[in-house]
Amino acid sequence: MSHEHVSYLELLARGAATEAYDRPVLLARASGAGPEALADLEEAKQLALRVRAELEGRRRREAELSALFATAHDLAGLRDLDAVLRAIVQRARSLLGTEVAYLSLNDPAAGDTYMRVTEGSVSARFQQVRLGMGEGLGGLVAQTARPYVTDDYFEDPRFQHTRTIDAAVRDEGLVAILGVPLSLGSQVIGVLFAADRRARVFEREQVALLGSFAAHAAVAIDTANLLAETRSALAELERANDIIREHSAVIERASEVHDRLSELVLHGGGVHDVAEAVSEVLGGTVEFSEEGAGAARRAGGHAVREGDDWVAAVSAGGETLGALVLHGQPDLDPVDQRTLERAALVTSLLLLARRSAGEAEQRVRGELLDDLLDAPDRDRRLLRERAARLRTDSEAPHVVLAARIDRAGAAPDPDAGGREGADRQRLWSAATHLAATRHGLASARDGGTVLLLPLGPGESAADLARQTARSLGGTLREPVTVGASAPVRAPLDRPDQVAVAYEEARRCLDALVLLHRSGQGAAAEDLGFLGLLLADGRNVDGFVDRTIGQVVAYDRRRGTDLVRTLDAYFASGMSPARTKDELHVHVNTVAQRLERVGRLLGPDWQSPSRALEIQLALRLLALSDAVAGS
């Protein structure tokens, strides 16, 4: 065997590129080899190239079979349909070597088609496009239930072009597109696509491979539908079984709740302990409400049904103190109705016994907080002693919260003045109870309530605001809006900061109402760039870092240009095609950079609210760099 023949074996062994196979012939010709030797070498080269092509084909088929096997394995352990469909689209993109792959599904209710999964797409318009039935290349695939391929989308007259589809495809920069049907029986439920941003020809084997992936995707969707139907049927059977078991145990529950209530009274339990005990026994959710007795008050102590709830009045000496409300058990057994009535009686006794002590403690807590807000020059030693008697941790960081009942969109009420007074009283009562359980302070102020609560381990001001809104709203069954200040360290050592923090909490509360977020709790940090305007200190660097810090850090580590690409992308109306003209790069470069941005900032970075914050952060970063450089 000649040296040149050995060279071809070495090229095959190391998987060399096709161009390398010309080198032995060129070397032989340069060394003066005769025609017969050259012809022999040429024949050996062609044979080696055929072997190389056969090896490449086998490697490709092995990769395809491996991907199909992995997809079948995903289907066997199907838990999350979206995850399986994403894996199918990713594998199709990788094996076909395309820049983009995507899957669309038909929406029979809306009469159109929508994007379900995209991979490699960077255009927000393309990812959100909805197509009418029969439109575009996908419409042709759906109508004929056959694969279709176009080497140049915009020059292909075989399918119906529309302004919406063409604009989305042009925005993504796609040129060559292959689409295959997703079929369940004779019904086409969607289309799987592979596409490039340059002209190319899809081979028959690639069309068949994408069709295999489409078949897997259709099976995944059908399997998920069957699983959903099975779970629904199982849930119905479980509910029926629960009803049978509940009826058989009703007498046992009545005895249990009698013992539990007796024990609570003997050991000094409270109203919420009674509600919790009855909730566990009756299997629903019981809460004490200062309002809502309604028909139960007129029923002479009997529990009555109001909608899907059961209500038992809590009263004593002709005074209605509130009601116990049971949620989640609309079909209550008569024996369980008597259980709820007995619990209401026990609740009235507990309330009367503790009313005097509770009112005194609430008054003391309110007076201490009023002194912190209005007279911060009081003797700090005396303030700490008063806080210690109320079991308030004066050394822990605290947050000032402003709370108010807001009925956004409610119709005008002729008795609004009286209703607002009752609302303030109810809110103050609920807030003082919450303050007592959290070892904090509460007081009525400015038409609402102000609270000073300690932060728990790992808890932020925003967390505490949301918890307070949920707690007060749940107690009152009304939307309660809560604005929070930044944490105040050791407030009794710095009483002057409490009034400042209260003003910040009020500004945050007013902002939530203006943003139509009544009934929620938030701190300035929750409100994005609006938080810069609400907070007492303008933390511009913190806002920029929270919003685009990962992109800035990536550029600094890698020497990339993602920040400038983002600037150009937003300046170009979020169009990759126009962005590449602004940056003088290829559209694939823009697509790769924006893919990286998406991985750093998360998949929703192009949503309107996040896009607005990102643009503001980019402006503030540019301004900060300009000031630093001047």
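- Taking the centre and axis of the six-membered ring of Phe202, the NZ or CZ atom of Arg200 falls inside the cone set by 45° and 6.0 Å.
- Across all their heavy atoms, Val207 and Pro147 have their closest contact at CG1-CB, 3.9 Å.
- Atoms CZ and OH, on Arg596 and Tyr554 in that order, are 3.5 Å from each other to the nearest 0.5 Å.
- Remark: side-chain polar atoms of Arg197 are paired, donor with acceptor, to backbone N or O of Glu172 under 3.5 angstrom.
- Side-chain atoms of Gln206 and Val149, non-hydrogen and from C-beta on, never get closer than 4.5 Å to each other.
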> Could you go step by step and tell me if Leu621 and Val563 meet the side-chain contact (heavy atoms from CB on, under 4.5 Å) rule?
Replying inline: CA-CA 10 Å; Leu621 177 65; Val563 170; 4.2 Å; yes
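- From Thr162, atom OG1 reaches atom CG of Leu131 across 7.0 Å, with rounding to the nearest 0.5 Å.
- The nearest pair of heavy atoms linking Val480 to Ala403 is CG1-CB, 4.2 Å.
- The closest side-chain heavy-atom distance from Tyr569 to Gln606 is below 4.5 Å.
- The backbone N or O of Thr98 sits nowhere less than 3.5 Å from a side-chain atom of Asp196 that would complete a donor-acceptor pair.
- Every residue two or more places apart in sequence or in another chain that forms a side chain to side chain contact (heavy atoms under 4.5 Å, CB included) with Gln128 is listed here: Ala124.
- Once rounded to the nearest 0.5 Å, the distance linking CG of Leu192 with OH of Tyr102 reads 10.0 Å.
- Between Arg93 and Val100, the closest side-chain pair of non-hydrogen atoms is not below 4.5 Å.
- More than 12 heavy atoms of other residues, nucleotides or ligands shown are found within 6.0 angstrom of CZ on Arg557.
- To the nearest 0.5 Å, atom CG of residue Asp567 and atom CG of residue Leu583 are 9.5 Å apart.
- The environment of Arg146 atom CZ is sparse: at most 12 non-hydrogen atoms of other residues, nucleotides or ligands sit within 6.0 angstrom.
- Here the closest non-hydrogen pair linking Asp581 and Ala577 is OD2-O, 3.5 Å.
- Looking at Arg517, its side chain never comes within 3.5 Å of a backbone N or O of Ala522 through a donor-acceptor pair.
- Under the 4.5 Å side-chain criterion, counting only non-hydrogen atoms from C-beta, Val122 is not in contact with Val590.
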> Would Leu562 and Leu600 count as a side-chain contact (heavy atoms from CB on, under 4.5 Å) if you check the C-alpha gap in whole Å, the side-chain angles of each, and the deciding distance to 0.1 Å?
Replying inline: CA-CA 11 Å; Leu562 299 184; Leu600 292 172; 3.8 Å; yes
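- Closest approach of Gly521 and Ala469 over heavy atoms only: N-CB, 3.6 Å.
- When side chains are defined from C-beta on, Met115 counts as touching Val129, because their heavy atoms get closer than 4.5 Å.
- Residue Ser104 forms a side chain to side chain contact (heavy atoms under 4.5 Å, CB included) with just one option from Ile189, Val141, Thr113, Leu182, and that option is Thr113.
- A distance-only check finds no donor-acceptor pair linking the side chain of Ser572 to the backbone of Ser575 [under 3.5 Å].
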> Stepwise, does the side-chain hydrogen bond (donor to acceptor under 3.5 Å, both in side chains) test hold for Thr118 with Gln127?
Replying inline: CA-CA 7 Å; Thr118 64; Gln127 295 164 15; 4.6 Å; no
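- In this structure, the separation between CG on Leu476 and CD on Glu287 is 9.5 Å, given to the nearest 0.5 Å.
- Ring-plane geometry between Phe570 and Trp605 is classed as perpendicular, the angle between the planes exceeding 60 degrees on a 0 to 90 degree scale with a lower cut at 30.
- Heavy atoms from other residues, nucleotides or ligands lying under 6.0 Å from CZ of Arg158 number more than 12.
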> What's the verdict on side-chain contact (heavy atoms from CB on, under 4.5 Å) for Ile221 and Leu105, showing C-alpha distance, side-chain angles and the deciding distance?
Replying inline: CA-CA 10 Å; Ile221 294 168; Leu105 292 180; 3.6 Å; yes
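- Under a cutoff of 6.0 Å and an axis angle of 45°, Arg91 and Phe213 do not form a cation-pi pair.
- In the model, Glu613 has no side-chain atom that pairs as donor or acceptor with a side-chain atom of Thr547 under 3.5 Å.
- Looking at every heavy atom in both residues, Gly132 comes nearest to Asp112 through CA-CB, 4.2 Å.
- Judged by distance alone, with hydrogens and angles left aside, the side-chain atoms of Ser471 form no donor-acceptor pair with the main-chain N or O of Gln467 at under 3.5 Å.
- The backbone N or O of Val89 sits nowhere less than 3.5 Å from a side-chain atom of Glu119 that would complete a donor-acceptor pair.
- In this structure, Glu155 contributes its side chain and Asp152 its backbone to no donor-acceptor pair below 3.5 Å.
- Panel note: side chain Thr150, backbone Ala176; no donor-acceptor pair is recorded below 3.5 Å.
- Here the CG atom belonging to Leu601 is positioned 5.5 Å from the CZ atom belonging to Arg610, to the nearest 0.5 angstrom.
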>> Go through it in stages, so that I can follow the logic: the residues are Val201 and Glu203, the test is side-chain contact (heavy atoms from CB on, under 4.5 Å), and I'd like the CA-CA distance, side-chain angles, deciding distance and then a yes or no.
In response: CA-CA 6 Å; Val201 176; Glu203 300 172 359; 5.7 Å; no
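- Checking side-chain atoms of Ser94 against main-chain N and O of Gln90 turns up no donor-acceptor pair under 3.5 Å.
- Looking at heavy atoms from C-beta onward, Val551 lies out of side-chain contact with Ile614 at the 4.5 angstrom threshold.
- Under the 4.5 Å side-chain criterion, counting only non-hydrogen atoms from C-beta, Leu174 is not in contact with Phe193.
- Taking both residues in full, the closest heavy atoms of Val191 and Gly138 are given as CG2-O, 3.7 Å, listed atom of the first, atom of the second, then distance.
- Counting heavy atoms from C-beta on, the side chains of Tyr153 and Ile177 come closer than 4.5 Å.
- Side-chain N or O atoms of Ser460 include one that pairs as donor or acceptor with a backbone N or O of Asp463 at under 3.5 Å.
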